[in-house]
Engineer: 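My questions all concern the structure below.
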Amino acid sequence: MTHSLSIEPLTIKPLRGTTFGAVVTGVKAAALDDAAWREIHAAWLQYALLIFPGQYLKRDEQIAFAKRFGPLEFEMAAISNVKSDGSLRIEADNDDVMKILKGNMGWHCDSTYMPVQAKGAVFSAEVVPSIGGRTGFADMRAAYDALDGPLKARIEKLAAHHSLHHSQSKLGHQTKKSDGEYSGYGLHDGPMPLRQLVKVHPETGRKSLLIGRHAHNIPGMDKAESERLLQELVDFACQPPRIYHHDWTAGDAVVWDNRCLLHQATPWDMNQPRVMWHSRIAGNPASESALASP
Ligand code: OGA
Ligand code: MN
């Protein structure tokens, strides 16, 4: 059909059995009028994850859609086991990109190891494996709400350091600042961001947990105790009904709110290609900056 108007009405259908997420149909993400944009933006703040099946966004369309949410940290990065020459990256080679792909399989929040954490991302599927390679999301608002009063009170004043060197080193990735395409991005030697464990969403006012694999070393606690608390929080938080794993179909696009969700990749048979595209929406420095260094 070449008609520019869709016959289906814009529909936003909450996911079932989860505390967050909705599927949006009846709209072309690349051609939203103002009314549709307002509805989608409001739904994004409410549901934190919107899933748009069957979009097949072209590069420029994905970038333009992402820019409606704000300025971008980067426009379009391939998250993929296919090299730029088209050949498959060999899993056993375990090169730096492979290590980052494996690292993504831990629950995390994007760019918390940078001075300003990301606002969110538009993420789309171009080539998907026949099985696996799902992306998981976890609702840190609902996780915070579900903590008991004493634990809420205990973590209210705590903060953690965030570092990609730290999270990658746990996988045996001996990072250095000159590490390939990530040097200067994440694997930098600048001051290590310190972020409060309880985050207040700048647009909704809701509290959420800011945890995940980049967080470590809570000031005022010994390392092992800090590690244990952070792991307990992730284990508790990333459980039903607060998680959803999206099983990708080529052409799907999602947009998530990185200010209140964790996400993770999941394993797939790396003899099969998986090509995903990530447009990262920049955080507002007023609300997403790390704490001032003491
Ligand atoms: C990312 C990410 C997960 C995935 O792109 O930031 O964590 O499923 N991706 O590839
Ligand atoms: Mn990520």
Side-chain angles (χ1 to χ4, degrees), residues 21 48-52 57 59 62-63 65-66 69 72-83 88-89 91 96-114 116-140 162-168 170-171 173 175 181-182 185-187 193 195 210-215 234 237-238 243-270 272-283 288:
L49 170 70
L50 297 180
I51 300 160
F52 299 78
L57 294 175
R59 180 188 173 89
Q62 173 157 332
I63 293 169
F65 177 51
F69 294 84
L72 303 185
E73 195 175 304
F74 55 77
E75 289 193 332
M76 192 89 158
I79 307 294
S80 177
N81 61 330
V82 181
K83 296 192 208 171
L88 278 181
R89 208 170 278 287
E91 185 171 13
D96 291 343
V97 172
M98 188 57 72
K99 286 171 182 160
I100 294 283
L101 291 177
K102 293 280 170 85
N104 276 346
M105 294 178 187
W107 288 109
H108 67 281
C109 202
D110 286 338
S111 301
T112 53
Y113 44 78
M114 299 297 279
V116 178
Q117 83 171 70
K119 181 191 266 192
V122 173
F123 196 54
S124 66
E126 182 182 342
V127 179
V128 299
S130 56
I131 188 165
R134 296 180 306 162
T135 304
F137 299 91
D139 185 354
M140 294 301 106
H162 287 249
S163 153
L164 187 58
H165 289 295
H166 165 83
S167 44
Q168 286 300 112
K170 282 184 160 182
L171 301 166
H173 184 180
T175 54
E181 60 187 270
Y182 286 88
Y185 187 80
L187 300 178
R195 300 182 178 278
L210 178 47
I211 50 178
R213 71 188 197 99
H214 305 310
V234 169
C238 298
I243 53 173
Y244 166 73
H245 283 80
H246 188 63
D247 207 349
W248 295 97
T249 299
D252 290 352
V254 306
V255 55
W256 76 76
D257 189 335
N258 190 61
R259 298 165 298 184
C260 58
L261 298 185
L262 292 180
H263 62 279
Q264 66 171 176
T266 62
W268 74 95
D269 174 355
M270 293 232 183
Q272 294 187 27
R274 179 181 191 259
V275 183
M276 310 292 293
W277 293 99
H278 183 134
S279 302
R280 189 165 294 179
I281 306 155
E288 307 317 317

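First listed ligand is number 1; within each ligand, the first listed atom is number 1. Positions are given from 1 along the sequence.
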Engineer: Any donor-acceptor pair under 3.5 Å linking the side chain of Arg280 with the backbone of Ala118?
Structural biologist: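 Answer holds: no.
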Engineer: Measure the distance from atom 4 (C) of ligand 1 to every protein heavy atom, then report the residue, atom name and distance (to 0.1 Å) of the closest one.
Structural biologist: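 Answer, as residue, atom name and distance: Ala265 CB, 3.4 Å.
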Engineer: Within the 4.0 Å heavy-atom shell around Phe123, which atoms of ligand 1 are there?
Structural biologist: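 Answer, ordered by atom number: 4 (C), 5 (O), 8 (O), 9 (N), 10 (O).
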Engineer: Does the distance from a Lys or Arg side-chain N to an Asp or Glu carboxylate O, for Glu73 and Lys119, drop under 4.0 Å?
Structural biologist: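 No salt bridge links Glu73 with Lys119.
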Engineer: N/O/S atom of His108 under 2.8 Å from the Mn ion (ligand 2), yes or no?
Structural biologist: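 Yes.
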Engineer: Look at the side chain of Glu126 and the backbone N and O of Met276, then say whether any donor-acceptor pair between them is shorter than 3.5 Å.
Structural biologist: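 No.
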Engineer: Any idea which N/O/S atom from Asp110 gets closest to the Mn ion (ligand 2)?
Structural biologist: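 In Asp110, the heteroatom (N, O or S) nearest the Mn ion (ligand 2) is OD1.
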Engineer: With under 30° as parallel and over 60° as perpendicular, where do the rings of Phe69 and Phe65 fit, or are they tilted in between?
Structural biologist: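 It falls in the perpendicular class, over 60°.
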Engineer: Of the choices His278, Arg274, His246, which has the non-hydrogen atom that lies closest to atom 5 (O) of ligand 1?
Structural biologist: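 Heavy atom nearest to atom 5 (O) of ligand 1 belongs to His278.
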Engineer: In this structure, are over 12 heavy atoms from other groups packed under 6.0 Å from Ile131 atom CD1?
Structural biologist: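 Atom CD1 in Ile131 is not packed in, count stays at 12 or less.
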Engineer: Check the angle between the aromatic planes of His263 and Trp256 and answer parallel, tilted or perpendicular using the 30° and 60° thresholds.
Structural biologist: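 The rings of His263 and Trp256 sit tilted, inter-plane angle from 30° to 60°.
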Engineer: Under a 4.0 angstrom heavy-atom cut-off, which atoms of ligand 1 come close to Ile79?
Structural biologist: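 Heavy-atom distances to Ile79 below 4.0 Å select 5 (O), 10 (O).
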Engineer: What about the rings of His278 and Phe123, do their centers lie closer together than 6.0 Å?
Structural biologist: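 Yes, they do, as the ring centres are separated by less than 6.0 Å.
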Engineer: Give the name of the N/O/S atom in His263 that lies closest to the Mn ion (ligand 2).
Structural biologist: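 Distance check against the Mn ion (ligand 2) picks out NE2 in His263.
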Engineer: For ligand 1, does His263 get within less than 4.0 Å through its side chain, its backbone, both, or neither, judged by non-hydrogen atoms?
Structural biologist: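 For His263, only side-chain atoms sit under 4.0 Å from ligand 1.
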Engineer: Can you report which non-hydrogen protein atom sits closest to atom 8 (O) of ligand 1, along with the distance?
Structural biologist: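 Scanning the protein heavy atoms, the shortest distance from atom 8 (O) of ligand 1 goes to Thr135 OG1, 2.6 Å.
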Engineer: Output yes when the distance from some N or O of ligand 1 to some N or O of Trp248 is under 3.5 Å, and no in every other case.
Structural biologist: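 No, since none of the N or O atoms of Trp248 sits under 3.5 Å from an N or O of ligand 1.
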Engineer: Run the side chain to side chain contact (heavy atoms under 4.5 Å, CB included) check on His173 and Asp96 step by step: do they pass?
Structural biologist: CA-CA 8 Å; His173 184 180; Asp96 291 343; 3.5 Å; yes
Engineer: With a 4.0 Å heavy-atom cut-off (strictly under), which part of Arg280 contacts ligand 1: side chain, backbone, both or neither?
Structural biologist: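 Side chain only.
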Engineer: Any luck finding a side-chain donor-acceptor pair between Arg195 and Thr112 under 3.5 Å?
Structural biologist: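 Judged by distance alone, the side chains do not pair up.
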Engineer: What atoms of ligand 1 come within less than 4.0 Å of a heavy atom belonging to His108?
Structural biologist: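 By the 4.0 Å cutoff, the relevant atoms are 7 (O).
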Engineer: Only heavy atoms of Asp110, strictly under 4.0 Å: list the atoms of ligand 1 that pass.
Structural biologist: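 Per the distance check, 6 (O).
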